Structures are given as C-alpha cells and as structure tokens.
Amino acid sequence: MIRQPDELNKMRRAGKVVAEMHEKTREAIRPGITTLDLDKVAREVLERRGARSNFLGYHGFPAVICTSPNSMVVHGIPGDYVLEEGDIISVDCGAIIEGYHGDAAYTAPVGTVSKEAQRLIEVTERSLWAGIEQLTAGNRLHEVGRAVENVALAGGYGVVRDYVGHAIGTAMHEQPQVPNYWPGNPGPKLKVGMVFAIEPMINIGTEDTYVLEDGWGVMTADGKLSCHVEHTICVTENGPEVFTLA
Ligand code: MG
Ligand code: MG
C-alpha cells in the first residue's frame, strides 16, 4: 500500500519510539537481569511517549517486546529467564502512534560472547542492510530476500523460511510478506510511499524451526544459535528511509 505524507509522519514518530525502546533496553542488558526486566524498561518508554503497544494482546501475547535468547529464533515471551554472560538475545519492539505502527528488532551480546556468536550477529546485521538497500522505487520487492540470502549463505548460515518480514502501516503485519530468501518470482514493483519491516532470522545451523509448548517461542531445530534483526523502512524518492533508527 502507498502511504500519504501525513501517514508517513506518524510512522516516523512510531519508529522513533521503537528506536528509543531499543536504546533503553540495550542499556539495561547485562548478566543477571531477566527478560521481564527488559519488558518493564520498554513499557516505560511507551508510556513516556504516549504510544500504544502493538505486541501486547496480539493473539494474546502478554508483553510489549519479544525476547529470544540463543537458540530461540523469535517470539520469546519475557519472563524469569536470567541473562548470562555469553548469551546473545534478540529483542523485538513495536509501537503505535495515532494508529500507525513501527516494528524493529536487534540482537545483542550479553557481556563477552564467543567469536562464533559475534560473527553471526555481524553477518545478520549485514544481511539486513543488504536487504534495505534494495528498497528503491522501481525495484522488485523480492530482491530484498535475494540480497539477504546472498549475505547469509556466503557466511555459511541457515536462512529461516518459516517466518518472514512484512508490509506495515495501520496494522503491524500487512501484505505482502517479505521473505528473506528468493521465493522464485520477483514480486511487486516498489513505489514511493510503501513501508516494509525487513527482518532476517539467520541460524548457525539448520534453517528448520519448531514452536515451544507455550505456543510462542520459536526454536532452532538443532539447538544452535539464531540471530534476528529488523527495521521498518519506507521507499522514498531519495531511496530507503529507515524509520526505526535513533
Ligand atoms: Mg518485530
Ligand atoms: Mg516484524
């Protein structure tokens, strides 16, 4: 969908709230705190900024962020899990301003992590930016997935196919979906005013996943590490504009 300038301004504002949720939760990450502590930090940002949560109550989700450590890919429910030195943790945040959504995630090291974990984060971030670069008017949407996949596969990693990115606007998850792989066709032509959430989920081992009994947490099938990063990006006349950067 093509968004009007006043709609894009609301999405910019929602994006800034998400960026602040990232900043404040990142500052709080250290060994010994729980994932529920991070949810509290994110709630404070939403309240201070007068924003609503798009995560809380989504199909019954009980928190304002998703926290997914180590071999959890996405959708972890914040709780009593205590972060340990050497963990990596994905923190996915969202906010609504005047009915318009922002959605973005980062993966952070907890203290000092293995070289293997550090490299996974670096390559996943690089794959996200390679995807973002494809969001230019006239290009085709699924070039995003091809670019993400090229970086991740060159790194020797598995690219999760069970979960994908999405268009975003007056709902968090709008059509079309944005796979992190080449889906076999080029997809729709990109136009100025379209907004997408691009979110590679990259695994050290297999791309296969399963869902925990809580119905939310998505795990790597082989128990190896997974990394998830995401931004909300608009196609503008001057190229991609990332709404969820500070
Ligand atoms: Mg997200
Ligand atoms: Mg998303």
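Atoms within each ligand, like the ligands themselves, are counted from 1 in listed order. Small disclaimer: the values here were computed from a predicted structure and weren't measured.
- Closest approach between the Mg ion (ligand 1) and any N/O/S atom of Asp103 involves OD1.
- Looking at Glu199, its N, O or S atom nearest to the Mg ion (ligand 2) turns out to be OE2.
- No more than 12 heavy atoms of other residues, nucleotides or ligands sit less than 6.0 Å from atom CG of Asp80.
- Scanning both residues, Ser226 and Asn203, for their nearest heavy atoms gives OG-OD1, 2.7 Å.
- Note on Asp92: counted as a metal contact of the Mg ion (ligand 1), an N/O/S atom lying under 2.8 Å.
- Closest heavy-atom contact between Glu230 and Ala104: O-CB, 3.2 Å.
- In this structure, Arg52 places its CZ atom where only 12 or fewer heavy-atom neighbours from other residues, nucleotides or ligands lie under 6.0 Å away.
- Checked against the Mg ion (ligand 1), the N, O or S atom of Glu230 at the shortest distance is OE1.
- The two residues Asp103 and Ala197 come nearest to each other via the heavy atoms OD2-CB, 4.2 Å.
- Here His166 meets the criterion, with an N, O or S atom under 2.8 Å of the Mg ion (ligand 2).
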